[in-house]
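In what follows, a single structure is set out as structure tokens and then discussed.
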Amino acid sequence: MYKFFLRKKIGERIIGGHPWIFGNELGDHQGEPQPGDIVEVYSYNGSFVGKGYYNPASQIRIRLLTRHKEEEINDDFFYNRIKEAWEYRQQIGYVENCRLVFGEADQLPALIIDKFNDYFVIQTLALGIEKWKDAIVSAIQKIFSPKGIYERNDVPVRELEGLAQQKGFLSAPFDTNIIINENGLKFHVDIENGQKTGYFLDQQDNRRAIQHIVKDADVLEAFCYTGTFSLHAAKYGAKQVLGLDISENAVTTARSNAELNGYADRCKFQAVNAFDVLKQWVKDGKRYDVVMLDPPAFTKSRENIEKAVTGYKEINLRGMKLTKPGGFLVTASCTNLVPPAMFLDIISAAAKDAKRSLRQVTWQTQASDHPILWNIPTTQYLKFLIVQVL
Ligand code: SAH
């Protein structure tokens with residue numbers, strides 16, 4: 001077995017439960033592992049820390065899979081971890097769709113598995129987990145006897161690990177346009193070409209949170225993707241809903257979703273740039289009872305955090321200006337680079353500029369099938385806020 005030793009004075013974060021070990025945290029090692037091999041990690045003074053996979057090409061040199069020395073990393077290990085992840089989701093109330101495995105939060109670093117009823121979409125985002133893809137697929141086969149498994153590894157982060165971007169079937173081919181049920185609505189999900197894994201499961205609990213504020217309301221949703229919040233608004237009694245997204249494909253699917261649920265008369269969608277349109281509509285004096293915003297991350301790196309702050313502030317400022325006095329703003333941010341307190345500061349600054357005061361209705365995070373581990377702060381990434389704009 002290959003052994004790596006942490007440097008002196010390194011270890012508090014790792015021993016506290018964080019599974020990542022960076023190159024500059026490592027001192028001596030014994031043996032010459034191949035990229036992706038399983039290695040053992042010890043503290044400077046030689047006590048066992050854990051076992052994980054190794055990649056010399058990645059800044060995150062080792063990601064720990066277990067803290068138990070006797071636990072073997074083999075096919076059974078992955079079967080057991082995935083089974084445990086499913087049992088946990090069931091225990092907290094998920095039945096049909098869920099993020100079955102949320103990487104680090106399920107002690108399976110860099111592995112994402114989304115379950116859309118009988119279909120599974122997986123991402124293996126590091127070399128060391130990619131090596132176990134067959135074991136992961138066969139565990140899913142064994143536990144669920146699924147109708148299909150698909151790989152959405154067309155993500156740039158894989159390149160940091162020396163991995164190519166790719167997507168395709170990991171089971172016999174199947175029709176990748178599926179329909180899922182959520183909160184009593186039906187949604188088309190395009191597993192092959194949709195954004196990320198095809199659908200944003202992380203907002204599934206939050207979509208229910210708009211239930212009481214949209215009744216008889218005139219609703220605007222910007223960054224609507226396939227119209228999920230818009231359709232919830234229609235279901236909960238909105239008078240009319242307009243959803244905006246820059247992607248023609250997303251808007252086409254949003255319209256199909258409106259048809260599918262019988263709300264095409266009340267839900268309309270337009271393919272536009274929300275930044276331009278919202279700015280214009282503020283000037284034009286348009287006003288809505290409810291404005292919903294779920295913009296993209298704006299930045300992927302800490303160095304560009306200012307870009308995200310500016311983007312969130314600008315769009316929320318416009319959203320508030322478009323909200324009638326006493327109306328509601330529903331706003332979200334999906335990057336862990338903007339922590340919750342910073343997001344609230346941005347919203348507060350936007351309110352000041354808009355000369356509006358806010359009354360908080362609810363302040364939430366990602367759905368509970370994306371667990372937050374308190375010793376891995378980046379597992380909390382989604383912020384979801386509803387405020388009344390006075
Ligand atoms: N609320 C959605 C997810 C939104 S993801 C859901 O729960 O399913 C963010 C969306 O913003 C993406 O669909 C993306 O196409 C869209 N987008 C990105 N930049 C945009 C812009 N400038 N104007 C409008 N939409 C934009």
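Just follow the structure's listing: the first ligand is 1, and inside any ligand the first atom is 1.
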Students should be able to answer this: which protein heavy-atom is nearest to [atom], and at what distance?
atom: atom 2 (C) of ligand 1; result: D294 OD2, 3.5 Å
atom: atom 15 (O) of ligand 1; result: D245 OD1, 2.7 Å
atom: atom 22 (N) of ligand 1; result: N273 OD1, 2.9 Å
atom: atom 23 (N) of ligand 1; result: A274 N, 2.8 Å

Can a salt bridge be assigned to the pair [X] and [Y] using a cut-off of 4.0 Å between side-chain N and carboxylate O?
X: E182; Y: K235; result: no
X: D353; Y: K355; result: no
X: E25; Y: R13; result: yes
X: R318; Y: E314; result: yes
X: D289; Y: K324; result: yes

**Asked** Do any heavy atoms of P296 fall under 4.0 Å from ligand 1?
**Response** yes
**Asked** Do any heavy atoms of R207 fall under 4.0 Å from ligand 1?
**Response** yes
If you measure from each non-hydrogen atom of [X] to ligand 1, which part falls under 4.0 Å: side chain, backbone, both or neither?
X: F200; value: side chain
X: V272; value: backbone
X: Y199; value: neither

**Prompt:** Which atoms of ligand 1 are found less than 4.0 Å from any heavy atom of F275?
**Reply:** 22 (N)
**Asked** If you count the atoms of ligand 1 from 1 in the order shown, which ones are under 4.0 Å from a heavy atom of Q195?
**Response**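 It comes down to these atoms of ligand 1: 12 (C), 13 (O), 14 (C), 15 (O).
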**Message:** In this structure, is the centre-to-centre distance between the rings of F144 and F120 below 6.0 Å?
**Reply:**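 Yes, close enough.
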**Request:** Consider only side-chain N and O atoms of K186 and N181, and report whether a donor and an acceptor are under 3.5 Å apart.
**Result:**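 N181 and K186 do have a side-chain donor-acceptor pair below 3.5 Å.
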N or O contact, [X] vs ligand 1, cut-off under 3.5 Å:
X: I246; value: yes
X: T226; value: no
X: Q203; value: no
X: T228; value: yes

**Asked** So is K142 actually on top of Y79's ring, under 6.0 Å and inside 45° of the axis?
**Response** yes
**Asked** Do R89 and Y94 meet the cation-pi criteria used here (NZ or CZ under 6.0 Å from the six-membered ring centre, within 45° of the axis)?
**Response**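 No, R89 does not sit over the ring of Y94.
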**Asked** Relative to atom 21 (C) of ligand 1, which among F187, F223, Y225 owns the nearest non-hydrogen atom?
**Response** F223
**Neighbour count >12 (heavy atoms, 6.0 Å) for atom NZ, K147** =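 It does not: K147 NZ has 12 such atoms or fewer within range.
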